Amino acid sequence: MYPSLKRKVLIISPHFPPINAPDHQRVRMSLPYMEQFGWEAHVLTVQPDYVAGIEDSLLAKTIPDRIPVTYTKALPLQQTQRIGLGSLGIRSFPYLLKAGDRLLQQTKFDLIYFSTTVFITMALGTRWYRRFRIPYVLDFQDPWLSDYYKQTNTPPPGGRWKYGFSQLQAKLLEPRAMSKVSHVISVSPAYPKTLQQRYPHLLSEQFTVLPFGAPEPDFEQLPYLNIQQKIFNPHDGKRHWVYVGRGGNDMALALRTLFLGIQSERRHHPEKWQAVELHFVGTSYTPGNRAVKTVEPIAQELGVADLVREHVHRIPYFEALQVLVDSDAILMIGSDDPDYTASKLYPCILARKPVLAIFHQQSSVVNILQSCQAGKSVTFTSQNKPEDLLPKIVDQLNWLLSIPKGYKPETNWSAFQAYTAREMTKKQCSIFDNCLTTAKINKSL
């Protein structure tokens, strides 16, 4: 589309296929389309052997062969974990710094793009800007510096010491990363508001809210991959409702609402629930036997544990998609944090199954689901208790029970087109273009 333009972007993504991690999905879904919009990508990442996570060889096959990828080492996890420094960001930082220096010296890059939740790497943007005068863009998929757990007095992921240390890093490094940033991309409309208040030197036009792109190509390939998911048997005559994604204390309100509704309805109509099973898959990011269940204890508390199966460990990406496709209904469980959004919304829609979302009313998930007519939602505020939402959740549960097996929602696919990977990549590349234009104007002043 832009044959005369040869603009190069260096993408920093410490997690990258074959590692199965949610924070590289924007990069992975964008790479096939970037050249259409005038950008040649080069990815800087960490060798899979140094990353703690599940490997999925099928994910690696979705990366176009023409995309150059530079892999770095990192300090071995087994050694650094003994002194409490298992973070990939800390372990890989000096290696990414050295490899980035070399790449930027050898090749003329027009832009540097950080798309990761390994936030510490974003501090490299300032260094490279000062040394090479190359503008950089930061993609915030989660908050880096956050007082959410302090405000809510809930246990943070990984424990208070580990989380406190990461927040100390954020206090020191986020201001550095934001000092020379050209543009900030965010998946949630709440993050730009917070960042603008924190860094008043940044203008509103330097922020763009951009959801992840929908992985349509993955669903097109799925039938030909012969994936056999091991979570449940879709032919056993039961109704299998599934949730694929993390758990956590911040989702307790949504889970209690769901389980309270099931408890109430089963008390009146037990026969309707005899063939229903709920599966919660990949609820913990913690590997091995250190993973803690956060869903089943709430189900036990509300007397519905016999219907609930929690699979704490993450499963390969395409197997997770097959779980969605094989299900009879998809549950989306939201955080009590109004800033939380869910990139997993689009796979849920593309699975073409009835979707029931329980989310904070400010979440973008609610609007997207409604605009695409792809499912139903029960919304809450920070002041709500599960009992307040009982009539709404009961109505939606009865809807799920009433629809026949094999039901497909009448999704508005025209409205959904705005969220496809190609459209999101087009917007992303437009942001890159604007950064270069602004950089040229600033140089001429």
Side-chain angles (χ1 to χ4, degrees), residues 8-28 30-31 34 39-53 55 59-60 63 67-81 83-142 144-145 165-166 168-170 172-185 432:
K8 293 182 181 292
V9 56
L10 178 62
I11 299 176
I12 315 300
S13 180
H15 292 127
F16 195 69
I19 294 296
N20 180 18
D23 70 334
H24 68 53
Q25 292 297 342
R26 191 194 303 276
V27 171
R28 186 180 72 86
S30 298
L31 289 175
M34 280 190 168
W39 284 89
E40 297 177 6
H42 188 127
V43 179
L44 176 58
T45 187
V46 180
Q47 291 180 21
D49 292 346
Y50 293 92
V51 181
E55 291 192 28
L59 270 177
I63 304 300
I67 304 296
V69 181
T70 296
Y71 292 92
T72 74
K73 294 182 179 181
L75 295 173
L77 178 61
Q78 294 80 1
Q79 297 177 14
T80 58
Q81 229 172 12
I83 57 173
L85 295 177
S87 160
L88 177 61
I90 293 175
R91 293 189 295 113
S92 65
F93 191 91
Y95 297 90
L96 291 168
L97 169 60
K98 184 177 179 180
D101 280 355
R102 186 179 65 252
L103 285 169
L104 294 166
Q105 287 169 346
Q106 294 174 349
T107 305
K108 184 186 181 304
F109 285 98
D110 300 281
L111 189 77
I112 305 169
Y113 175 49
F114 295 83
S115 185
T116 178
T117 54
V118 185
F119 294 115
I120 188 174
T121 61
M122 292 182 175
L124 292 168
T126 310
R127 172 201 163 87
W128 288 331
Y129 178 79
R130 294 185 187 280
R131 184 171 180 184
F132 301 102
R133 308 307 293 179
I134 300 174
Y136 62 95
V137 174
L138 303 180
D139 180 7
F140 280 84
Q141 301 172 21
D142 285 320
W144 185 359
L145 179 58
F165 182 63
S166 71
L168 178 60
Q169 293 175 38
L172 295 172
L173 296 178
E174 187 186 85
R176 177 181 174 85
M178 297 293 287
S179 64
K180 298 295 181 182
V181 68
S182 290
H183 203 91
V184 175
I185 293 174
F432 295 173

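What you are looking at is a predicted structure, and each value in this text was computed from that prediction instead of being measured. Because only heavy atoms are used, hydrogens play no part in the values below, and waters and symmetry mates are left out as well, while side chains stay in.
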Next item on the list: For side chain to side chain contact (heavy atoms under 4.5 Å, CB included), just list the numbers for Thr70 and Arg102, CA-CA rounded to whole Å, side-chain angles, deciding distance to a tenth of an Å, and then say yes or no.
Entry: CA-CA 11 Å; Thr70 296; Arg102 186 179 65 252; 4.2 Å; yes
Notebook entry, point to check: So how far is it from Leu173 CG to Ile120 CD1, rounded to the nearest 0.5 Å?
Noted result: 5.5 Å
Item checked: Backbone N/O of Pro14 and side chain of Thr45: donor-acceptor pair under 3.5 Å -> yes
Check: If we only count heavy atoms from C-beta on, is the Arg91 to Val46 side-chain gap below 4.5 Å?
Finding: no
Next item on the list: Could you pull out the closest heavy-atom pair between Phe132 and Gln105, with the gap in Å?
Entry: CE2-CG, 3.7 Å
Checklist line | Non-hydrogen atoms of Tyr136 and Leu138 that approach each other most closely | finding: CD1-CD2, 3.9 Å
Notebook entry, point to check: Does the side chain of Ile185 reach to within under 4.5 Å of the side chain of Phe114, using non-hydrogen atoms?
Noted result: no
Checklist line | Atom of Phe93, atom of Leu124 and distance for their closest heavy-atom approach | finding: CZ-CD2, 3.5 Å
Notebook entry, point to check: Mind checking what makes salt bridge (Lys or Arg N to Asp or Glu O under 4.0 Å) contact with Lys8, not counting sequence neighbours?
Noted result: Glu40
Notebook entry, point to check: Any side-chain heavy atom of Leu31 sitting closer than 4.5 Å to one from Ile11?
Noted result: yes
Note to self: Tell me whether His42 contacts the main-chain N or O of Leu103 through its side chain, where contact means a donor paired with an acceptor under 3.5 Å.
What the structure shows: no
Check: Shortest non-hydrogen contact from Pro48 to Pro18?
Finding: CG-CD, 3.7 Å
Checklist line | From CD1 (Ile112) to CG (Leu10), nearest 0.5 Å | finding: 6.0 Å
Checklist line | Spacing of Thr121 atom OG1 and Ile90 atom CD1 [to the nearest 0.5 Å] | finding: 12.0 Å
Note to self: For a quick test of reading the model, state the closest non-hydrogen atom pair linking Val9 to Met34 and the distance between them.
What the structure shows: CG1-SD, 4.3 Å
Next item on the list: Mark yes or no: Arg127 above the aromatic ring of Tyr129, with NZ or CZ under 6.0 Å from the six-membered ring centre and no more than 45 degrees from the axis.
Entry: no
Notebook entry, point to check: In Å, rounded to the nearest 0.5 Å, how long is the span from OG1 of Thr126 to CE of Met178?
Noted result: 10.0 Å
Next item on the list: Without swapping roles, check the side chain of Arg26 against the backbone of Asp139 for a donor-acceptor pair under 3.5 Å.
Entry: no
Next item on the list: Return the set of residues passing ring pair (Phe, Tyr, Trp, His ring centres under 6.0 Å) with Phe432 (not counting sequence neighbours), or none when no residue passes.
Entry: Trp39, Tyr113
Margin query: Rounded to the nearest 0.5 Å, what separates atom CG in Leu88 from atom NE2 in His15?
Written below: 5.0 Å
Check: Roughly how far, to the nearest 0.5 Å, is the CZ atom of Phe119 from the CZ atom of Phe140?
Finding: 6.5 Å
Notebook entry, point to check: Can Gln25 and Arg28 be counted as having a side-chain donor-acceptor contact under 3.5 angstrom?
Noted result: yes
Checklist line | Exam field: side chain Ser87 to backbone Gly89, donor-acceptor pair closer than 3.5 Å | finding: yes
Note to self: The test is side chain to side chain contact (heavy atoms under 4.5 Å, CB included); show your working for Lys108 and Ile134 and say whether it passes.
What the structure shows: CA-CA 9 Å; Lys108 184 186 181 304; Ile134 300 174; over 6 Å; no
Notebook entry, point to check: Which pair of heavy atoms, one from Ser13 and one from Ser115, lies closest together, and at what distance?
Noted result: OG-O, 3.8 Å
